[in-house]
2 protein chains.
Amino acid sequence: MSQSSKSSEPSAPVPTSADVARRAGVSRATVSYVLNNTEAVRISEPTRRKVREAAEELGYVPHAAARSLRAGRTRIVLMPTPHVPIGPLYSTFLDELQWALRRLDYTVVQYGSLGLSGDEAVRAWAELRPVAVISLGEITLSARNVATLRRAGARAVITMGPTAVPGAHALVMDQQQIGARAAAHLVERGRRRIGVVVPREAGLELFSAPRLAGARGVAGAEVEALPMAYSEESAAELAARWRGLRLDAAFAYNDEYAMLLMRALLDEGLRVPEEVAVIGADDLLIGRLLRPRLSTVRIEMPTGDHLASLVDHAVREPSEATERHDLMTAEAVRREST
Amino acid sequence: MSQSSKSSEPSAPVPTSADVARRAGVSRATVSYVLNNTEAVRISEPTRRKVREAAEELGYVPHAAARSLRAGRTRIVLMPTPHVPIGPLYSTFLDELQWALRRLDYTVVQYGSLGLSGDEAVRAWAELRPVAVISLGEITLSARNVATLRRAGARAVITMGPTAVPGAHALVMDQQQIGARAAAHLVERGRRRIGVVVPREAGLELFSAPRLAGARGVAGAEVEALPMAYSEESAAELAARWRGLRLDAAFAYNDEYAMLLMRALLDEGLRVPEEVAVIGADDLLIGRLLRPRLSTVRIEMPTGDHLASLVDHAVREPSEATERHDLMTAEAVRREST
DNA sequence: TTGAAAGCGGTACCAC
DNA sequence: GTGGTACCGCTTTCAA
């Protein structure tokens with residue numbers, strides 16, 4: 001179960017640029033010039049080769065902390081890691097964003113703020129001196145938090161959420177729209193009494209609350225909030241008392257919850273959509289696997305490129321006014337369940 | 001669309017411990033002592049208060065890079081961010097792991113290696129001088145990569161994968177087991193000719209290849225690889241030519257692909273499980289929503305605590321032999337589709 | 001109980 | 001073309 005290895009006992013010291021310089025018989029300055037291809041300075045080809053070889057042989061890797069300490073700034077874009085599985089939609093968006101930022105030569109660091117309070121988390125982020133912070137979801141930043149980050153050198157702070165935070169560039173992804181589109185669709189289809197499923201799972205409030213509020217705001221809809229956990233039991237329990245609720249439609253937070261509920265309603269002998277119309281959100285593939293096919297609200301996320309260039313711009317021109325951008329659109333897609 | 005803000009023009013300089021010292025009328029050393037609660041040194045209560053207040057007023061946050069440069073080591077545990085949505089199972093595990101590491105006072109940094117080759121990615125990681133690297137999935141580390149990380153000061157390198165990497169602590173999550181359990185279950189149910197769905201999507205090979213290989217290794221099973229994309233079209237296309245394939249069972253990588261395939265097979269008029277048995281993997285909730293209910297392979301992941309303490313131990317005792325740990329178990333769960 | 005100063009690993013200015 | 005050196009922010013010995 002254990003294979004021994006000749007691991008260095010007190011561990012060999014990490015090679016520094018001084019080591020490279022010594023080995024190549026040049027100064028530390030020269031090493032720096034060569035390895036960074038400094039334009040402003042000419043180094044002879046033989047010297048370059050010697051330096052490169054020495055670095056290679058030693059397995060030299062520059063020390064990011066030392067570099068950014070000297071430079072006085074980093075290229076770190078910090079993104080708090082979400083802890084709730086946030087769905088393929090969001091994941092894809094984040095991936096795109098990472099790509100795009102990397103193309104702009106930023107280093108994307110996801111920092112897990114799990115188990116930290118908002119203030120603690122922000123402090124921890126600030127210690128890394130990120131040039132930008134993109135906080136989408138979970139932790140809502142206060143104005144004070146934004147100030148802390150700015151003082152620590154962040155030139156752009158971007159938040160997602162229903163409301164803009166003073167001092168931050170706000171990327172407003174208005175989740176309300178989603179609830180509004182769903183409820184409006186149901187009303188259009190002749191429904192009035194709409195049950196809105198609210199996940200019992202913690203950490204989703206930032207999404208679920210606005211979705212509920214959005215539905216509430218639709219004229220002609222009577223909305224009832226229905227807490228439900230992501231489990232067969234919880235769905236069955238809700239379905240069992242469905243007839244008593246006197247609802248003719250359900251909007252179920254997203255397609256996964258909608259599927260779960262629809263399955264339970266069907267098992268309970270209710271006809272979908274005749275007796276109860278069901279609509280989800282996010283337009284997930286799995287929504288098309290059950291019969292009737294699930295109607296949904298399709299969400300158009302901003303492209304990663306777009307947000308990345310927003311970040312880049314904010315970093316380069318931090319003196320500009322903070323802006324508010326609405327970057328998300330939603331539309332109902334009718335399939336068979338409504 | 002744009003609200004102006006009194007953003008500091010050339011941006012005020014970030015406050016340093018020297019600023020705090022000046023404001024409190026003490027030396028930088030004293031500031032350090034107070035803010036770090038250094039045991040070895042006694043500071044009078046009034047001085048402590050002055051320092052704390054000054055720091056508070058300035059919004060001082062220490063500079064992580066400077067600190068770790070001086071200390072000569074970091075508490076960073078680096079985890080490459082996966083770019084493919086990896087499923088709730090894996091996400092939960094990663095969350096647990098983050099929690100556990102934080103409790104042990106490590107800073108978990110997820111570094112997006114998107115768009116970097118293996119070597120480039122490893123170099124970038126090494127620049128951060130992480131004390132440990134936990135690379136699960138996607139990028140497979142070569143022995144050379146591990147050496148690079150070790151030279152850069154990483155005291156533990158942990159990889160996931162079917163095979164151990166020389167010099168790294170290997171957390172072997174043997175995906176082969178999953179394929180083996182699935183195929184064995186099908187053989188037990190009297191099936192012989194098994195189609196194994198292999199996702200066309202890039203980035204999943206690290207999981208899909210071993211699962212396929214595991215199925216191949218089961219006595220009594222004739223295995224055929226079936227490339228399929230995660231889309232209704234691809235599934236329908238596969239289902240359309242199913243009868244010609246003369247297969248009596250399918251193992252579909254995971255429950256999502258299995259659901260997709262099963263739906264397409266049913267739509268094609270095939271009877272499940274009579275004409276074709278279908279089994280997935282990961283035991284996702286959605287697998288229970290279709291009828292017949294999907295059989296699956298349930299995977300038991302190691303607990304985050306366990307892996308965290310493994311990491312911690314490796315960091316403290318790096319001279320110990322590198323070890324290989326088998327941390328994953330899998331078992332078939334029969335529902336109705338087999 | 002507090003302060004002065006060295007030094008962590010790079011970079012970039014200025015001399016030679 | 002190349003080298004000497006000051007400095008980025010923080011911790012920690014050593015002296016006072």
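Proteins get letters first, then strands, A, B, ... in listed order; numbering begins at 1 in each. Everything numeric in this text was worked out from a predicted model, so none of it was measured.
The distance between atom CG of Leu35(A) and atom C1' of dG10(C), rounded to the nearest whole Å, is 11 Å. As a whole-Å value, the separation of Lys50(B) NZ from dT1(C) C1' is 12 Å. A straight line from CZ of Arg48(A) to P of dT2(D) spans 9 Å, rounded to a whole angstrom. Arg22(A) places its CZ atom 15 Å from the C1' atom of dG3(D), with the value rounded to the nearest Å. The separation between Glu39(A) atom CD and dT11(C) atom C1' is 16 Å, rounded to whole Å. Rounding to whole angstrom units, CG of residue Asn37(A) and P of dG1(D) are separated by 16 Å. Distance CD (Glu127(B)) to P (dG9(C)): 15 Å, rounded to an integer number of Å. The CZ atom of Arg49(B) sits 18 Å away from the C1' atom of dT2(C) (whole-angstrom rounding).
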In B/S/- notation (B base, S sugar-phosphate only, - none; protein heavy atoms under 4.0 Å), nucleotides 11-16 of chain D written 5' to 3' is BBB---
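Around CZ of Arg103(B), the count of heavy atoms belonging to other residues, nucleotides or ligands within 6.0 Å exceeds 12.
In terms of phosphate contacts, Ser68(B) brings no side-chain nitrogen or oxygen within less than 4.0 Å of OP1 or OP2 of dC8(C). In this structure, Ser27(A) reaches the dG3(D) phosphate: one of its side-chain N or O atoms is under 4.0 Å from OP1 or OP2.
Using a 3.5 Å distance cut-off with no hydrogens or angles, the side chains of Ser142(A) and Asn145(A) do pair a donor with an acceptor.
Put simply, the side chain of Val131(A) reaches to within 4.5 Å of the side chain of Tyr106(A), judged on heavy atoms. For the pair Leu307(B) and Ile158(B), the minimum side-chain heavy-atom distance is below 4.5 Å. Residues Arg144(B) and Asp119(B) form a side-chain contact, since some pair of their non-hydrogen atoms from C-beta on lies under 4.5 Å apart.
Of the listed nucleotides (dC10(D), dT2(C), dG10(C)), dT2(C) has the atom at the smallest distance from the side chain of Thr47(B).
The side chain to side chain donor-acceptor pair (under 3.5 Å) test applied to Ser27(B) returns Thr30(B), not counting sequence neighbours.
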In sequence, state the C-alpha distance, the side-chain angles, and the governing distance for Arg49(B) and Glu53(B), and then conclude on salt bridge (charged side-chain N to carboxylate O under 4.0 Å, His left out).
CA-CA 6 Å; Arg49(B) 257 218 342 280; Glu53(B) 278 168 11; 3.8 Å; yes
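If you find the closest nucleotide of DNA chain C to Arg129(B) and to Val26(B), the one lying nearer the 5' end belongs to Val26(B). Mapping Ala66(B) and Arg42(B) onto DNA chain C by nearest heavy atom places Arg42(B) at the nucleotide closer to the 5' end.
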